[in-house]
Amino acid sequence: MPELPEVEAVCRRLRRHLSGRRIVAARLFRARLCAPQSPAQFARAVTGQRFVSIERRGKNILAHLERATLWAHLRLTGNLYTISDPERRPATASACLVLDNARALVFDDPRGLGMLRAVAPGEAGRALAGLGPDPLSGELTLARFAALAGGGRSSIKTLLMDQKRLAGLRNIYAAEALFRAGIDPRRPGARLGKVRLRRLHRAIVQVLREGLASAVTGYRGPGGFVETEFFQPAVYGRQGLPCRRCGRKIRRIRQSGRSTFFCPGCQR
DNA sequence: CTGCCCCTGTAA
DNA sequence: TTACAGGGGCAG
């Protein structure tokens, strides 16, 4: 599932493969993908245009064309990549944009929750203005992090996953960062001292960087993301298994409707 | 703030 | 056969 590192890895590949390319045809296989526009409107908006630049805002991908922006969000199972033959797209493709070099950009999305819209220049940026700082970009200084995460009354895990506070951290990396920092995910953000905030800030940046290294090298081409030895979750998905650090059983609880995994020995 | 919903593959 | 996983939008 794409979190921030996977989305960043996708952006890097797209920059390599799309720069200077022109879209010659657009085929949509799932009308919801470009809602509220219709597939015909979408095709009209992007056909004939050249890619100018690729930008990432949190987990949103903005592919700027000459007179429009392709705004993509991979959600849970989406992926964007190019293939050599537009006729040989995967069955799970939600969209296929044929390029002027006879290759095609595919939005592959088995669960179909992803988004690919054509919007006016500037529209996506305005819509995303409320996103918090990006932990992979250097925007997230310790002072800024402390103000965002330390200020909230809800649990620190819930705060970390709030995109208006930090852009890009979700269930897996939030759990991993909290484990690394030795912090109980249930602890209210407002009750984190300076030491814990500093440790957590470091842990977030570290775990995302390692995730990025894994996402860049662990990619298997069309078909999705693979796990590599670089990123082995310490707690995520490991309920009942012994903690790799202290041996106690990893616990699983529910926090605001989502699973949280943590080690009751290491995280306080 | 919490909880439901979108969707579909996988696991109990 | 049903429950669940996940990100995010939105209703309550």
Side-chain angles (χ1 to χ4, degrees), chain A residues 1-11 28-37 56-62 71-80 90-95 107-117 119 123-132 134-136 148-149 151-178 185-191 204 207-208 211 215 220 222-227 231 233 235-241 250-262:
Chain A
M1 359 129 200
E3 280 207 48
L4 199 60
E6 289 80 12
V7 177
E8 172 61 20
V10 165
C11 282
L28 279 278
F29 312 109
R30 234 190 252 273
R32 313 177 22 95
L33 185 70
C34 60
Q37 264 193 334
R56 179 178 63 75
R57 303 261 188 120
K59 280 179 290 201
N60 296 268
I61 299 168
L62 307 186
W71 178 8
H73 196 299
L74 307 178
R75 291 285 174 86
L76 299 179
T77 55
N79 196 1
L80 272 169
T92 45
S94 292
F107 193 108
D108 193 359
D109 190 5
R111 295 201 188 166
L113 292 175
M115 176 190 91
L116 182 68
R117 295 175 56 193
V119 298
E123 182 181 336
R126 283 192 297 279
L128 298 172
L131 281 181
D134 188 322
L136 272 181
L148 289 163
R153 284 185 305 281
S154 32
S155 75
I156 184 59
K157 165 119 180 310
T158 303
L159 295 172
L160 291 184
M161 295 198 303
D162 179 353
Q163 304 297 293
K164 292 190 286 300
R165 291 174 187 271
L166 299 189
L169 213 60
R170 282 303 292 186
N171 213 29
I172 299 173
Y173 286 95
E176 294 299 310
L178 284 164
R186 298 165 296 185
R187 181 184 277 265
R191 292 195 36 240
I204 288 168
V207 78
L208 288 174
R220 196 161 39 187
F225 306 100
V226 297
E227 296 204 42
F231 187 72
V235 288
Y236 184 82
R238 299 191 68 242
Q239 73 276 16
L241 298 172
I250 302 297
R251 281 190 59 194
R252 170 188 176 163
I253 58 171
R254 288 312 284 163
Q255 280 184 301
S256 47
R258 224 122 249 178
S259 289
T260 293
F261 303 88
F262 70 103

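Chain A is the first sequence line, chain B the second, and so forth, proteins listed ahead of strands; every chain is numbered from 1.
- Residues passing the side chain to side chain donor-acceptor pair (under 3.5 Å) test with Thr260(A), sequence neighbours excluded: Lys157(A), Gln255(A).
- You'll find the side chain of Leu74(A) stays beyond 4.5 Å of the side chain of Asp109(A), heavy atoms only.
- Taking the screw axis at each terminus of the helix from dC1(B)-dG12(C) to dA12(B)-dT1(C) from five consecutive base pairs, the angle between the two is 60° to within rounding of 10 degrees.
- The nearest whole Å value for the distance from the CZ atom in Phe261(A) to the C1' atom in dC4(C) is 11 Å.
- Rounded to an integer number of Å, the gap from Lys157(A) NZ to dT2(B) P is 12 Å.
- The side chain of Arg75(A) contributes no N or O atom lying less than 4.0 Å from OP1 or OP2 of dG8(C).
- Residues Ser154(A) and Arg258(A) each lie close to DNA chain B; by heavy-atom proximity, the contact nearer the 5' end of the strand is made by Ser154(A).
- There is a side-chain donor-acceptor pair under 3.5 Å between Ser94(A) and Arg30(A).
- For Phe107(A), the ring-ring contact (aromatic ring centres under 6.0 Å, His included) criterion is met by no residue, not counting sequence neighbours.
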- [ ] Heavy atoms under 4.0 Å is the rule here; annotate nucleotides 7-12 of chain B 5' to 3' with B where the base is hit, S where only the sugar-phosphate is, and - elsewhere.
- [x] BBB---
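- An OP1 or OP2 oxygen of dG8(C) is reached within less than 4.0 angstrom by a side-chain nitrogen or oxygen of His73(A).
- Checking side-chain atoms of Gln163(A) against main-chain N and O of Leu169(A) turns up a donor-acceptor pair under 3.5 Å.
- Not counting sequence neighbours, the partners of Arg126(A) by the side chain to side chain contact (heavy atoms under 4.5 Å, CB included) test are Glu123(A).
- Residue Asp134(A) is tested with Arg57(A), Arg56(A), Lys59(A) for a side-chain hydrogen bond (donor to acceptor under 3.5 Å, both in side chains); the sole match is Arg56(A).
- Tyr173(A) pairs by the ring-ring contact (aromatic ring centres under 6.0 Å, His included) definition with Phe231(A), not counting sequence neighbours.
- Going from atom CG of Leu33(A) over to atom P of dG9(C) covers 15 Å, rounded to whole Å.
- Atom CH2 of Trp71(A) and atom CG of Asn60(A) lie 6.0 Å apart (nearest 0.5 Å).
- Here the C1' atom of nucleotide dG8(C) and the CG atom of Asn171(A) are 13 Å apart, to the nearest Å.
- At whole-Å resolution of the value, CZ in Arg57(A) and P in dG7(C) are 22 Å apart.
- What separates CG of Asn60(A) from P of dG8(C) is a distance of 7 Å, to the nearest Å.
- Atom pair Asp162(A):CG and dG9(C):C1' shows a separation of 13 Å (rounding to whole Å applied).
- Distance Arg170(A) CZ to dG8(C) C1': 7 Å, rounded to the nearest Å.
- Between Gln163(A) and dG7(C), a side-chain N or O to OP1/OP2 separation shorter than 4.0 Å is absent.
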